[in-house]
Amino acid sequence: MKQRRVLHFLLAVGAGLCLFGAFAPVDFWPAAFLGIALLVMSLSGRTWFGSFGLGVVAGCAFFIPLFEWAAVASGVLIAQIALGFAESLFIGVLAVIWQGLMRGKHTGGNVALTAATMGLTWVAMEQLRSELPWHGMPWGLLGFSQVDGPLVRLAPWGSTQLVGFGVVVVGVLVARFLSALAKVQLGQGVIAGASAGLILVLSMFLPLSTSADSYLTVGFVQGIIPDESKLPAGQSRALTVTQNLVTATKAIDGDDVDLVLWPESASDRDPREDDEAHSLITEASERLGVPLLLGTQRYINGYRYNDYVVWNLDQSISGVYSKQHPVPFGEYMPYRDFFRKFTPAVDLISTDMLAGSKPAYLDVELKDSTVRVATPICFEVADNAIVSEAVRAGAQLIVVPTNNASFGKTSESAQQFQMTRFRAIEHGRTAIQVSTVGVSGVVEPNGVTRAVTQPWTEDAQVARVGLRSELTVATRISEPLRIAVYAGGAALGLLAFIQLARRR
């Protein structure tokens, strides 16, 4: 009995590590299928309490290494561990639901039905943890790991939910394949393995968006964030960041572009109020002679907004988008007095960020036309609703301004670029991620990347990008799909607990 428990524990650890391996920095998308398979196998014959524990173990092995960047950003290891453990609790609850589904008379007797019900409950739990608590943490959704795999072609039809569902279904079939081989049930093994392979092969034939309505030439600039400890006494770090962007932008000829993009936090000193910041941006704008999009901060009554703005040729600002989804414990501190009892690191966030209320897009007046650009800021690219709302509102191009400097040389930026690639495929739009320190790059609607920069390297790139207006199915049904996933997941969760109770 003890050896069996150890085996199941190791299977759970292996499940989490495989799920982690599907994301950057390992970035091996087939590992997600094996991760789901090992999780299913670890739950075989376990009690509901044991299933919860194994789910938490798998979740910790997945999320804690995935969130390496949290320790770097906060300066304390406990932030990484606490965030990973909190997210693993969702996997623990899901494991109990899966145990009920596997034991059920109706849901456990047919492998296809078992796979479908487990897939739906997985994406429902992903959706839940993406929204709760404090607006959730939509990081590590299975769909994002598949940008180089065939299942990503499901994205235009059902976003992260459908792709994640597909990953779980294939993973459950792989688990059945491995179990059948272990029991020398070759017939069942062949059927399960062939079914998993067929799903992957058929997915390869789903079409992706290619044709564009018109084209735009865009420049995007990756500056360098200075080491504050090495700056001369009295020199502003924020102004140095802006100056570095001005310098890097000189590599772009304004006659060759229609629009130039700077990243989030391009000017943390608000150029609407700060003359020095205004002067630096004016210098770049006048030389370019085209609109400039840039990130800045706006301070009001002891709080701040994270803005992305349109800087016009007359040095006015014609459009402002304020980040709707500030990151808890990163951009604002919930229950500051309570958490200060555990660590003084809470006061590293000296000014809490407030949430904006307008959709994530900006209208940019060009020489001969106006283009609407979706502008989810940094972590917001992980939020299904924010991006889809902007595209439904008419955005023809997706721009993801981001500042990854706080995360050092971790894989945070590469993980985020996976999400940017996913959004391009999902919505049939060219997407451009523009970062202070990398990764920056252009993603076509078929997932192909180009003009990708190296991290922590000053760079300026120019790319001709397509503008598109047609909406994918996923874009159109984003909100109804969300409701349907919750309804189906809740119904199956209730059924699972009823079946568990009856078995007991």
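Please read all numbers here as calculations on a predicted model, not as lab measurements. One is the number of the first residue; the rest follow in order along the sequence. These numbers come from the heavy atoms of this one structure, side chains and all, not from hydrogens, waters or symmetry mates.
- A donor-acceptor contact shorter than 3.5 Å is absent between the side chain of Ser406 and the backbone of Asn404.
- Judged purely by atom type and a 3.5 angstrom limit, Gln499 uses its side chain to pair as donor or acceptor with the backbone of Gly100.
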With a 3.5 Å cut-off and sequence neighbours excluded, list the donor-acceptor pairs that the side chains of residues 440-450 form with protein atoms.
from	atom 1	to	atom 2	distance (Å)
Ser440	OG	Gln222	OE1	2.9
Ser440	OG	Ser435	N	2.8
Glu444	OE1	Thr430	OG1	3.4
Glu444	OE2	Arg450	NE	2.7
Glu444	OE2	Arg450	NH2	2.7
Asn446	OD1	Val448	N	3.1
Arg450	NH2	Arg464	O	2.4

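- Annotation: side chain of Trp139 is in contact with side chain of Phe379 (closest heavy-atom distance under 4.5 Å).
- In this structure, Leu198 CG and Ile191 CD1 are separated by 13.0 Å, a value rounded to the nearest 0.5 Å.
- A donor-acceptor pair under 3.5 Å is formed between the side chain of Gln324 and the backbone N or O of Lys358.
- In plain terms, the two heavy atoms of Gly428 and Arg468 that are nearest each other are O-CD, 3.1 Å.
- The two residues Ala32 and Val167 come nearest to each other via the heavy atoms CB-CG1, 3.9 Å.
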Practice prompt. Go through the steps for Ser413 and Gln433 under the test side chain to side chain contact (heavy atoms under 4.5 Å, CB included), then give the verdict.
Written response: CA-CA 10 Å; Ser413 187; Gln433 180 165 301; 3.8 Å; yes
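- Take Phe62 and apply the ring pair (Phe, Tyr, Trp, His ring centres under 6.0 Å) test, not counting sequence neighbours, and it matches Phe23.
- Remark: the backbone N or O of Gly164 is not paired with any side-chain donor or acceptor of Glu126 at under 3.5 angstrom.
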Pair up each side-chain donor or acceptor in residues 168-175 with any protein partner under 3.5 Å, not counting sequence neighbours, and list the distances.
none

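- Shown here for Glu264 and Cys378, the closest heavy-atom pair between the two residues is OE1-CB, 3.4 Å.
- Judged purely by distance below 3.5 Å, without hydrogens or angles, the side chains of Asp459 and Thr453 never pair a donor atom with an acceptor atom.
- Sorted by first then second residue, the ring-ring contact (aromatic ring centres under 6.0 Å, His included) pairs that include residues 178-199, not counting sequence neighbours, number zero.
- For the side-chain contact (heavy atoms from CB on, under 4.5 Å) test with Arg429, the passing option among Thr472, Val399, Thr475, Leu471 is Leu471; the others fail.
- Side-chain atoms of Gln396 do not come within 3.5 Å of backbone N or O of Val371 as any donor-acceptor pair.
- For residues 386-420, the pairs satisfying ring-ring contact (aromatic ring centres under 6.0 Å, His included) are Trp69-Phe407, with sequence neighbours left out.
- Nearest heavy-atom pair across Ile64 and Phe85 is CG1-N, 4.4 Å.
- Remark: Glu470 CD is loosely packed, at most 12 non-hydrogen atoms of other residues, nucleotides or ligands lying under 6.0 Å away.
- Contact of the Gln99 side chain with the Arg46 side chain is registered, since non-hydrogen atoms from C-beta on lie closer than 4.5 Å.
- With contacts defined as side-chain heavy-atom distances shorter than 4.5 Å, the pair Tyr305/Met353 does not qualify.
- Every residue two or more places apart in sequence or in another chain was checked for a ring pair (Phe, Tyr, Trp, His ring centres under 6.0 Å) with Tyr361, and none qualifies.
- Atom CG of Leu354 and atom OG of Ser322 lie 9.5 Å apart (nearest 0.5 Å).
- In terms of heavy-atom proximity, Ala31 sits nearest to Gly21 at CB-C, 4.1 Å.
- At least one side-chain heavy atom of Leu142 sits less than 4.5 Å from a side-chain heavy atom of Ile36.
- Side-chain contact between Leu362 and Arg372 is absent, with no heavy atoms from C-beta onward closer than 4.5 Å.
- Going from atom OG of Ser51 over to atom CE of Met102 covers 6.5 Å, rounded to the nearest 0.5 Å.
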Practice prompt. Check step by step if salt bridge (Lys or Arg N to Asp or Glu O under 4.0 Å) holds for Asp148 and Arg421.
Written response: CA-CA 9 Å; Asp148 289 308; Arg421 291 181 64 193; 2.8 Å; yes
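- Residue pairs meeting the side-chain hydrogen bond (donor to acceptor under 3.5 Å, both in side chains) criterion with at least one partner in residues 84-98, sequence neighbours excluded, are Glu87-Arg129, Trp98-Thr121.
- You'll find the side chain of Arg423 reaches within 4.5 Å of the side chain of Ser159, heavy atoms only.
- Between His427 and Ser388 the shortest side-chain heavy-atom distance falls below 4.5 Å.
- Dense packing is recorded around CZ of Phe497, with more than 12 heavy atoms of other residues, nucleotides or ligands lying under 6.0 Å away.
- When side chains are defined from C-beta on, Phe165 does not count as touching Met118, because their heavy atoms never get closer than 4.5 Å.
- Qualifying salt bridge (charged side-chain N to carboxylate O under 4.0 Å, His left out) partners for Glu479, counting only residues two or more places apart in sequence or in other chains: Arg482.
- Side-chain polar atoms of Asn384 and Thr160 form a donor-acceptor pair below 3.5 angstrom.
- The CG atom of Leu101 lies 7.5 Å from the CD1 atom of Ile97; values are rounded to the nearest 0.5 Å.
- For the atom pair CG of Leu54 and CD1 of Ile91, the computed distance is 13.0 Å after rounding to the nearest 0.5 Å.
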Fill in: Pair Gln127-Trp122, side chain to side chain contact (heavy atoms under 4.5 Å, CB included): steps then yes or no
CA-CA 9 Å; Gln127 197 169 270; Trp122 176 280; over 6 Å; no
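- In terms of heavy-atom proximity, Ala474 sits nearest to Glu426 at CB-CG, 4.0 Å.
- No donor-acceptor pair under 3.5 Å is formed between the side chain of Glu389 and the backbone N or O of Pro359.
- The side-chain contact (heavy atoms from CB on, under 4.5 Å) check on Leu11 picks up Leu7, Leu38, Met41, Ser42, with sequence neighbours excluded.
- Leu66 CG to Phe20 CZ: the interatomic distance, rounded to the nearest 0.5 Å, is 6.5 Å.
- With a 6.0 Å radius and a threshold of 12 heavy atoms from other residues, nucleotides or ligands, Trp157 has its CH2 atom at or below the threshold.
- Donor-acceptor pairing under 3.5 Å is lacking for the side chains of Gln80 and Glu68.
- Note on residues 8-34: pairs passing side-chain hydrogen bond (donor to acceptor under 3.5 Å, both in side chains), not counting sequence neighbours, are Asp27-Gln418.
- Remark: Phe144 pairs with Phe422 by the ring pair (Phe, Tyr, Trp, His ring centres under 6.0 Å) rule, at least two apart or across chains.
- Contacts classified as side-chain hydrogen bond (donor to acceptor under 3.5 Å, both in side chains) and involving residues 12-22 (residues at least two apart or in different chains) are not found.
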